[in-house]
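Chain A is the first sequence line, chain B the second, and so forth, proteins listed ahead of strands; every chain is numbered from 1.
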Amino acid sequence: MHTYAIVDFETTGLSPKVGDCATEIGIVLVRDGQIVDRYQGLMNGGVRLSPFIKRYTGITNAMIQKARPLTTVMAEACAFAGTYPLVAHNASFDRKFWDDGLGKIGQRRSQEFLCSVRLSRRVFSNLPDHRLGTMVKSLKLPMSGQFHRALADAEATAHLFIRIQAEIKARLQLADVTHKHLLAVQKQKIGTF
DNA sequence: TGCCAGGCCCTCTTTAGGGCCTT
């Protein structure tokens with residue numbers, strides 16, 4: 001069985017290196033082409049949100065103030081994802097906040113990230129762009145909840161990831177799509193992608 | 001809204017520049 005943990009963060013900005021902080025995390029477990037479990041957590045990292053971020057995510061300072069500490073939520077999220085390979089839409093972004101959050105609880109990431117943007121560019125190269133909203137609309141993926149909230153975006157990314165796996169399986173006529181296949185497609189090393 | 005960052009990718013490239021994508 002192949003299980004992946006699809007991760008999405010909402011944050012105060014683009015980089016923890018300049019003081020930005022995670023505000024919410026959503027994780028969806030995908031096993032053999034099916035969503036099998038979900039995790040969502042608002043977290044209080046002791047920061048205030050800019051007006052732009054409040055509008056962008058719908059998350060408010062009041063919601064953050066009521067939320068549990070960032071370290072508590074990150075510890076739960078880390079346990080939930082376990083050692084499954086992680087997947088995110090633009091993984092370089094979520095990886096920074098995942099690693100930063102783990103650092104705050106004295107842990108280090110043991111697994112690698114796959115990037116659904118890079119995979120989408122290989123597999124669905126005909127689309128005008130590869131933003132998550134465009135992928136959902138173009139591929140008619142299920143979308144429950146509000147864009148730019150962590151669990152809704154993680155679920156959308158999970159459906160995209162399932163579609164990517166199915167597309168690779170069909171085009172390469174594989175009995176099974178392994179992690180190695182996904183890495184090879186991401187690096188453009190196999191197939192006609 | 002777009003700036004802040006940064007990895008990836010493409011090309012009018014590789015002694016570089018700029019767009020994409022995430023909040």
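A heavy-atom distance below 4.0 Å to DNA chain B is reached by none of the residues of residues 133-142 of chain A. Non-hydrogen atoms lying under 4.0 Å from DNA chain B are contributed by H148(A), D153(A), all within residues 143-156 of chain A. DNA chain B is contacted by H89(A), N90(A), S92(A), F93(A) of residues 77-94 of chain A, taking any non-hydrogen atom closer than 4.0 Å. Interface residues of residues 7-25 of chain A facing DNA chain B, ordered by number: D8(A), F9(A), E10(A), T11(A), G13(A), L14(A), S15(A), K17(A), V18(A); criterion, heavy-atom separation under 4.0 Å.
Among residues two or more places apart in sequence or in another chain, the side chain to side chain donor-acceptor pair (under 3.5 Å) test is passed with E24(A) by Q40(A), R149(A). With sequence neighbours left out, the ring pair (Phe, Tyr, Trp, His ring centres under 6.0 Å) criterion links F9(A) to no other residue. The side chain to side chain contact (heavy atoms under 4.5 Å, CB included) test applied to V47(A) returns T12(A), C21(A), not counting sequence neighbours. For R95(A), the salt bridge (charged side-chain N to carboxylate O under 4.0 Å, His left out) criterion is met by no residue, not counting sequence neighbours.
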What does the list of N/O pairs under 3.5 Å between the protein and nucleotides 10-13 of chain B look like, with a distance for each?
none

Distance-only check: which donor-acceptor pairs under 3.5 Å involve side-chain atoms of residues 25-35 of chain A, not counting sequence neighbours?
unit_1 : atom_1 : unit_2 : atom_2 : d
R31(A) : NE     : T3(A)  : OG1    : 2.8
R31(A) : NH2    : Y84(A) : OH     : 3.3
D32(A) : OD1    : H2(A)  : N      : 3.1

Contacts table for residues 135-146 of chain A: side-chain donor-acceptor under 3.5 angstrom, sequence neighbours left out:
unit_1  : atom_1 : unit_2  : atom_2 : d
S138(A) : OG     : T134(A) : O      : 2.9
Q146(A) : NE2    : T57(A)  : O      : 3.4

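For residues 80-91 of chain A, the set of pairs meeting the salt bridge (Lys or Arg N to Asp or Glu O under 4.0 Å) definition, not counting sequence neighbours, is empty.
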